[in-house]
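One structure is given below, encoded as structure tokens.
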Amino acid sequence: MIKNLVFILCCITLFSCSNTSLKKKEYPYVWKTLNVKATAYNSLAYQTSSQPTIAAWGDSLSPGDKYIAVSKDLLQLGLKRDTKVKLEGFSGIFLVKDKMHSKWRNRIDIYMGVDVEKAIEYGVKKINIQYKTLKDSLNTP
């Protein structure tokens with residue numbers, strides 16, 4: 001009888017522990033959508049600086065990297081360094097790795113390596129982007 005009771009208590013404990021681990025985890029991140037003006041840039045000195053393969057935060061740029069630069073006003077919305085971003089018209093995830101000149105507002109610049117023709121062909125577009133941000137930062141202006 002005592003063995004049965006111990007067995008039942010062990011089973012209850014085991015199943016109650018596994019139930020809590022099966023609960024859906026709530027993550028502190030959400031994907032937020034924003035409409036921005038998008039252009040493209042290359043890692044060439046005449047488009048950036050005397051060190052065209054070094055981004056504003058010191059990250060190295062290499063052709064093929066899925067990186068973007070953001071206007072400084074977007075930093076306040078949560079588009080900080082290494083923020084994950086989905087771009088309308090592109091596959092995969094891009095990372096924020098560069099900042100644009102302070103004269104630009106509500107704008108991103110898509111890194112296109114050294115392929116100037118591709119950047120020119122892209123031109124200027126209004127696109128929707130989605131970026132991963134903390135839930136707490138949803139109320140920021």
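Start at 1 with the first residue, then count along the sequence.
Pairing each heavy atom of N42 with each of M112, the nearest pair is ND2-O, 3.3 Å. Here the shortest heavy-atom pairing between A55 and L61 reads CB-CD2, 4.1 Å. In terms of heavy atoms, T83 sits closest to G78 at OG1-O, 3.2 Å.
Of the inter-residue distances, the one linking I110 atom CD1 with F90 atom CZ reads 4.0 Å to the nearest 0.5 angstrom. Rounding to the nearest 0.5 Å gives a distance of 9.5 Å between CZ of R105 and NZ of K72. To the nearest 0.5 angstrom, K84 atom NZ is 4.5 Å from K132 atom NZ.
With hydrogens and angles disregarded, a donor-acceptor distance shorter than 3.5 Å links the side chain of K66 to the backbone of S91. At distances below 3.5 Å, not a single donor-acceptor pair connects side-chain atoms of D98 with backbone N or O atoms of I68.
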*asked:* Pair K126, N35 - check side chain to side chain contact (heavy atoms under 4.5 Å, CB included), show working.
replied: CA-CA 7 Å; K126 288 285 273 181; N35 187 266; 3.2 Å; yes
*Apply side chain to side chain contact (heavy atoms under 4.5 Å, CB included) to the pair T53 and S62, showing each step before the final yes or no.*
CA-CA 7 Å; T53 59; S62 297; over 6 Å; no
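Residues forming a salt bridge (charged side-chain N to carboxylate O under 4.0 Å, His left out) with K97 (at least two apart in sequence, or on another chain): D59, D82. Residues satisfying the side chain to side chain donor-acceptor pair (under 3.5 Å) criterion with N106, sequence neighbours excluded, are absent altogether. For the side chain to side chain donor-acceptor pair (under 3.5 Å) test, no residue two or more places apart in sequence or in another chain qualifies with K103. Residues forming a side chain to side chain donor-acceptor pair (under 3.5 Å) with E88 (at least two apart in sequence, or on another chain): none. Under the side chain to side chain donor-acceptor pair (under 3.5 Å) criterion, D115 pairs with no residue, sequence neighbours left out.
Y122 and I120 fall into different hydrophobic clusters, where Ile, Leu, Val, Met, Phe, Trp and Tyr are joined by side-chain heavy atoms under 4.5 Å apart, directly or via other members. Grouping the Ile, Leu, Val, Met, Phe, Trp and Tyr side chains by contacts below 4.5 angstrom, directly or via other members, places V96 with I129. F94 and L74 fall within the same hydrophobic cluster, defined by Ile, Leu, Val, Met, Phe, Trp and Tyr side-chain heavy atoms under 4.5 Å apart, directly or through other members. Residue L34 is grouped with residue L87 when hydrophobic side chains (ILVMFWY) are merged at heavy-atom distances under 4.5 angstrom, including chains of intermediate members. Under the 4.5 Å side-chain heavy-atom criterion for Ile, Leu, Val, Met, Phe, Trp and Tyr, L75 and L77 are members of the same hydrophobic cluster.
For CD of Q51, the number of neighbouring non-hydrogen atoms (other residues, nucleotides, ligands) closer than 6.0 Å is 12 at most.
A cation-pi arrangement is not found for K32 relative to Y131, the charged atom failing to lie both closer than 6.0 Å to the ring centre and inside a 45° cone about the ring normal.
When L79, I127, V85, T39 are each tested for a side chain to side chain contact (heavy atoms under 4.5 Å, CB included) with I108, only one passes: I127.
Applying the ring-ring contact (aromatic ring centres under 6.0 Å, His included) definition to pairs two or more places apart or across chains, those involving residues 32-67 are Y41-Y111.
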